[in-house]
Amino acid sequence: MITENLARVRAQVDQACADAGRDPSEVRLLPVSKTHPVDALRECQRAGYSLMGENKVQEIQAKSAALAGSDVRFALIGHLQTNKAKVVAELVDEFQCLDSLRLAAELDKRLATAGRTLQVLVQVNSSDEPQKSGLPVDEVEAFVDQLGGFSHLDVRGLMTVAVNGKPDEVAACFERVRLVRDRLRDVHALDREWDELSMGMSGDFPIAIAEGSTCVRIGTAIFGARDYSV
């Protein structure tokens, strides 16, 4: 079932790219496997998807141990407490929710010890909702200006979760983040790629793709309903 779901969702992503006049190769599909068992991740990997999105460090630890020796890798797409930076530095291939200098410094230190670099996205609160993590849109550029000294953080772009609202409200959130990314690309072109925009989930990814997303984070449409008691 997961294999078929992946094929169906990928076809939907490709169609959204065609509708937006974009090359489908520009948009990667990140399966979000949070709360789902390791057998589901193995099936996903056999279907050609090795990088999985997870929200919790503890779950990454458990699944990494269970999947030791496999090709499955993890992207952390949830809030990270500074005291768990060591685990991320050792086990995670991509971190999409950087939003503080304190966390950046701790990650950089832990990555130096581990002898690794980590692909990182800066999280933006594009909807100005107080319950959401991420930097306000108007603070992103100043924050990025201070990341240059962290040599083990490969800062590649921005991530956001749009408002749960009308299509034009959702599109406005994504557009704000894309415009910030474009300004960063102009200013920091010599020291950063700025080629990543992680925007869009199951309910709004066609809008995100139309606004320039390069990574859509899809969970339920691939793995089915989540068991939040896990």
Side-chain angles (χ1 to χ4, degrees), residues 30-35 51-61 74-89 91-111 118-147 150 153-165 169-181 183-184 192 194 196-205 207-208 211-220 226 228 230:
L30 178 63
V32 177
S33 52
K34 63 181 183 180
T35 79
L51 185 66
M52 310 292 171
E54 292 282 346
N55 274 50
K56 296 181 179 180
V57 173
Q58 304 95 303
E59 195 165 351
I60 290 176
Q61 286 179 290
F74 293 97
L76 181 61
I77 60 172
H79 179 71
L80 175 63
Q81 295 177 334
T82 306
N83 62 3
K84 295 177 181 174
K86 181 176 184 292
V87 177
V88 172
L91 297 180
V92 170
D93 278 67
E94 181 176 328
F95 175 49
Q96 294 199 0
C97 299
L98 182 64
D99 62 0
S100 82
L101 288 175
R102 182 178 174 224
L103 178 57
E106 186 66 20
L107 275 173
D108 194 66
K109 180 178 75 173
R110 296 295 186 177
L111 287 161
L118 178 66
Q119 182 166 313
V120 171
L121 304 183
V122 174
Q123 185 173 6
V124 184
N125 185 346
S126 57
S127 60
D128 293 325
E129 294 174 275
Q131 73 273 22
K132 285 184 177 176
S133 299
L135 295 163
V137 171
D138 60 2
E139 294 181 14
V140 174
E141 292 180 67
F143 177 77
V144 167
D145 286 341
Q146 300 176 77
L147 295 179
F150 301 123
L153 301 182
D154 180 17
V155 185
R156 300 294 297 272
L158 307 176
M159 174 270 207
T160 198
V161 178
V163 67
N164 183 14
E169 296 171 332
V170 173
C173 289
F174 294 143
E175 181 185 31
R176 289 184 200 110
V177 177
R178 175 176 53 81
L179 291 174
V180 172
R181 192 283 308 269
R183 289 197 297 272
L184 291 169
R192 304 287 184 191
W194 294 110
E196 288 281 355
L197 275 179
S198 178
M199 308 191 305
M201 299 186 293
S202 293
D204 59 16
F205 73 83
I207 301 173
E211 292 295 338
S213 176
T214 64
C215 174
V216 293
R217 310 179 302 273
I218 310 296
T220 303
R226 296 188 180 99
Y228 283 99
V230 174

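Values in this document were obtained by computation on a predicted structure and should not be read as measured data.
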Subject >> Any side-chain heavy-atom pair of M159 and E196 under 4.5 Å >> reply: no

Original post:
Does any non-hydrogen side-chain atom of S202 lie less than 4.5 Å from one of I218?
Top reply: yes

**OP:** Show the numbers, then the answer: is there a side-chain contact (heavy atoms from CB on, under 4.5 Å) between F95 and L103?
**Re:** CA-CA 12 Å; F95 175 49; L103 178 57; 3.9 Å; yes

Original post:
In this structure, which one of V155, V180, L184 forms a side-chain contact (heavy atoms from CB on, under 4.5 Å) with V122?
Top reply: V155

Original post:
Does a side-chain heavy-atom distance below 4.5 Å link I77 with N55?
Top reply: yes

Subject >> Backbone N/O of A162 and side chain of K132: donor-acceptor pair under 3.5 Å >> reply: yes

Original post:
For the residue pair C97 and Q123, what are the closest heavy atoms and their distance?
Top reply: CB-OE1, 3.2 Å

**OP:** Please examine the side chains of L121 and E94, heavy atoms only from C-beta on, and report whether any two atoms are closer than 4.5 Å.
**Re:** yes

Original post:
How far does CD1 of I207 sit from CD of E169, to the nearest 0.5 angstrom?
Top reply: 10.5 Å

Original post:
Is the backbone of V124 close enough, under 3.5 Å, to the side chain of T160 for a donor and an acceptor to pair up by distance?
Top reply: yes

Subject >> Between CD on residue E59 and OG on residue S33, distance to nearest 0.5 Å >> reply: 7.0 Å

Subject >> Pairwise side-chain contact, V88 with L76, heavy-atom cut-off 4.5 Å (strictly under) >> reply: yes

Subject >> Closest contact, heavy atoms only, P31 versus L51 >> reply: CD-O, 3.5 Å

**OP:** State whether the number of non-hydrogen atoms from other residues, nucleotides or ligands found under 6.0 Å of N164 atom CG is greater than 12.
**Re:** no

Subject >> For Q146 against L101, the heavy-atom pair lying closest together >> reply: OE1-CD1, 3.1 Å

Original post:
How many angstroms lie between atom CZ of R183 and atom CD of E141, to the nearest 0.5 angstrom?
Top reply: 4.5 Å

Subject >> Reported CZ-to-CG distance for the pair R176 and N125, which is rounded to 0.5 angstrom >> reply: 10.0 Å

Subject >> R156 side, atom CZ; Q119 side, atom CD - distance, nearest 0.5 Å >> reply: 4.5 Å

Subject >> Check: E129 and V161 side chains under 4.5 Å, non-hydrogen atoms >> reply: no

Original post:
Taking all atoms of both residues into account, what is the closest heavy-atom pair of G200 and A208, and its distance?
Top reply: CA-CB, 3.6 Å

Original post:
Just checking, is any N or O donor in the side chain of Q96 or S198 under 3.5 Å from an acceptor N or O on the other one?
Top reply: yes

Subject >> E106/R102 salt bridge by N-O under 4.0 Å criterion >> reply: no

Original post:
Under 6.0 Å from the NZ atom of K86, do we count more than 12 heavy atoms belonging to anything else shown?
Top reply: no

**OP:** Mind listing the closest non-hydrogen atom pair of W194 and R181 along with its distance?
**Re:** O-CD, 3.3 Å

Original post:
Roughly how far apart are L98 CG and S133 OG, rounded to 0.5 Å?
Top reply: 12.0 Å

Original post:
Is the shortest heavy-atom distance from the side chain of D99 to the side chain of H79 under 4.5 Å?
Top reply: yes

**OP:** Measure the shortest side-chain to side-chain distance between F150 and L111 over non-hydrogen atoms and say whether it is less than 4.5 angstrom.
**Re:** no

Original post:
What are the two closest heavy atoms between L118 and L107, and how far apart are they?
Top reply: CD2-CD2, 4.5 Å

Subject >> side-chain contact (heavy atoms from CB on, under 4.5 Å) partner of K84, the single match among Q58, R110, Q61 >> reply: Q58

